[in-house]
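Structure record follows, encoded as structure tokens.
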2 protein chains.
Amino acid sequence: MARVSIKDIAIALGVSNATVSLVINGKEKEGRVGFEMAEKIRAKAKELNYEPNNLARSLRIGRSETIGLIVADISNIFFATLAFHIQEYAEKLGYTIVITNTNEDTSKMEKMIQTLQSRQVDGFIIVPTENGEEYIAKLVKSKIPVVLLDRCFPAIETSHVMIDNHQTSYLATRHLIALGCKKIALLTYKNKLHHMAERKRGYVEAVQNANIFDAGLIKEVNYENITEDTNNAINDLLKIKDLDGIFFSTDSVCVAGIKYMQETDKNIFKKVNLMSFDRNEIFDFVNYDVPYMMQPLPEMGRRAIDILVNKIVNKSNTSEKIELQASLHS
Amino acid sequence: MARVSIKDIAIALGVSNATVSLVINGKEKEGRVGFEMAEKIRAKAKELNYEPNNLARSLRIGRSETIGLIVADISNIFFATLAFHIQEYAEKLGYTIVITNTNEDTSKMEKMIQTLQSRQVDGFIIVPTENGEEYIAKLVKSKIPVVLLDRCFPAIETSHVMIDNHQTSYLATRHLIALGCKKIALLTYKNKLHHMAERKRGYVEAVQNANIFDAGLIKEVNYENITEDTNNAINDLLKIKDLDGIFFSTDSVCVAGIKYMQETDKNIFKKVNLMSFDRNEIFDFVNYDVPYMMQPLPEMGRRAIDILVNKIVNKSNTSEKIELQASLHS
DNA sequence: CTGAAAGCGCTTACAG
DNA sequence: CTGAAAGCGCTTACAG
């Protein structure tokens, strides 16, 4: 039951390893192997049930045709869907995707990157953690191809694929304003990630332009303590007279918010308009049509792969910064 | 920027590759390298920023310490969570998990397995597709370590980790009966997978024992057409006089069912008791406490890894068939 | 305590 | 059109 190698085929047929390798890789034309010999080799390969050893191949050619995908939380439907699209597309290009998970933990991210590097991945697509800037900077400096996804560090010169968070947030807020809202709250994560700051900036710009800015309407919650923090924030907000809009900067906060509001006041949605970032399945079960800004997940995945593969294949070193548009669903 | 290898360290220090390798792998004691030399080697490795090449190592030792995990749908929270736990646990044991996705497509499953085999994974954890029996049988016969997860093919002699579907389903139905239900419907997938048949069997046994079996209360829907089929099934069921219970054999069907029922009749949950297989986030947003049978995902993941690693390391060839208990939440 | 050498399975110049 | 040989970066008997 020992695995059969190129050598076994070569010996069985009395030819050289080189000839077999050429045929197996379909290089018989440029490679100058006779048609009959090629046919014999293919037949023998099938007969012996030959399966190539890609480890050996990778070692020899110096590429593994494997890409490391590092996401923040694979059990979050947003990242799971993104991972799904990335895998689908990468497969078409002949790359295998290795997905790993950081749980928003920087030391874990570092460990994952090291593990994958020792397995010789050709490049990385990374959703970086909040405190991961230093390590990502080091990684990028080491010249291994990297594309950041969904999030970025403006101080580092890297390629990234994300949406235009500022613009998306601005448009989301404008939508509430167009609906006639005058007191619009923002419920967002408290962290240093740039994309979150951009979402806040988009909101602030929109309410300022409409002359309805009020710093007291901005509430920030911690990722680790989302339920309790959100409940408290909503409690505070509902005390505000004439509150008529809440913009949630992610669907996870929106879900937590809606859950609490439903329990608190069944008629809340008649008074307060919501807006979410990304869709969540639970929206179908709420007695209110939640409008949301949808990120183009399949395209984000494709673009990330395209840029990364270009870096890998052409050794391109330019930083491509892609910011896609999200679409309003209401 | 060329990667530094063991050889570079050896040359820099004027020692042999073997000595460096021994130290790097912490085998200096059994390996008989002097402490001072070991220290010098470690220092030089750090200085040169040495990172081992696991591809080369795997090729040499004949193991990759990588496990292929093949799930049916990574964007389904059930599998995503399972994948998460498997990865967490495998990492502790020094294994890297490569996750891929079949989308319930058998030809895709075959392709994924081949790809991973050529990358020399040491073994597989597989959630097999409905028509994948033949290929899985072939795979198992080839002696590569395999553990089936969540589903199994009784005709094939393999290891598997799943729950006791019959018993779980039986208890779920008993719960509805204990609540006083006399007309309990079953809403399940129409497919040939054994675990689904077991869920049906558990339901049938429970209602037969209670003398309330009625074949007309069993409705089957297609995975590909879940929304429409479920709506039709629910429509039929709601025409039945005195219907007082519905058991959903998976949370995905339950979600579809609840969605439709909510739209159809707001007071439905006062008349009909539900029971779901597994929990879903949307249950929090339904005006009714959905009871469910919860599968022990972390344990399922751990057991699958333990069995697989045992096969890999000890070349164990016995089939371990693990059937865990699910717990009732109501 | 340390080194020289073979070999894992492949690919790729080079020679003929 | 085909073969002999080197080498990717490791590990592991074997010899001393």
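Scope of the values below: all heavy atoms of this structure, side chains included, with no hydrogens, waters or symmetry mates. All values derive from a computational prediction rather than experimental measurement. Residue numbering restarts at 1 for every chain, and letters A, B, ... go by the order of the sequence lines.
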- Task: Respond yes when some side-chain nitrogen or oxygen of B:Thr19 is under 4.0 Å from OP1 or OP2 of C:dG3, and no when none is.
- Result: yes
- Give one of base, sugar-phosphate or nothing for A:Asn54, where a contact means two heavy atoms less than 4.0 Å apart. nothing
- Message: Less than 4.5 Å apart, side chain to side chain, heavy atoms only: is that true for A:Ile86 and A:Ile67?
- Response: no
- Message: When both hydrogen-bonding distances must be under 3.5 Å and the geometry is Watson-Crick or G-U wobble, what is C:dA15 paired with, if anything?
- Response: D:dT2
- Item | Length of the CG-C1' vector between B:Leu22 and D:dC10, whole Å | 12 Å
- Can you check the A:Glu39 CD to D:dC1 C1' distance for me, whole Å? 16 Å
- Query: Rounded to whole angstroms, how far apart are CD on A:Glu65 and P on C:dC10?
  - Reply: 15 Å
- Should the heavy atoms of other residues, nucleotides or ligands under 6.0 Å from CD of A:Glu47 be counted, would the total exceed 12? yes
- Which of B:Glu320, B:Lys311, B:Lys321, B:Arg303 passes side chain to side chain donor-acceptor pair (under 3.5 Å) with B:Ser159? Answer is B:Lys311
- Item | Note, B:Glu157 side chain near B:Val140 side chain (heavy atom, < 4.5 Å) | no
- Query: Does a donor on one side chain sit under 3.5 Å from an acceptor on the other, for B:Thr129 and B:Asn131?
  - Reply: no
- Respond yes when some side-chain nitrogen or oxygen of B:Ser21 is under 4.0 Å from OP1 or OP2 of D:dT11, and no when none is. yes
- Message: Could you tell me how far apart B:Ile41 (CD1) and C:dC1 (P) are, to the nearest whole angstrom?
- Response: 14 Å
- B:Asp105 side chain to B:Thr102 main-chain N or O, any donor-acceptor pair under 3.5 Å? no
Pairs under 3.5 Å (N/O, protein and nucleotides 6-9 of chain D):
residue : atom : partner : partner atom : Å
D:dG7   : N2   : A:Arg60 : NH1          : 3.3
D:dC8   : O2   : A:Arg60 : N            : 3.4
D:dG9   : N2   : B:Ala56 : O            : 3.2

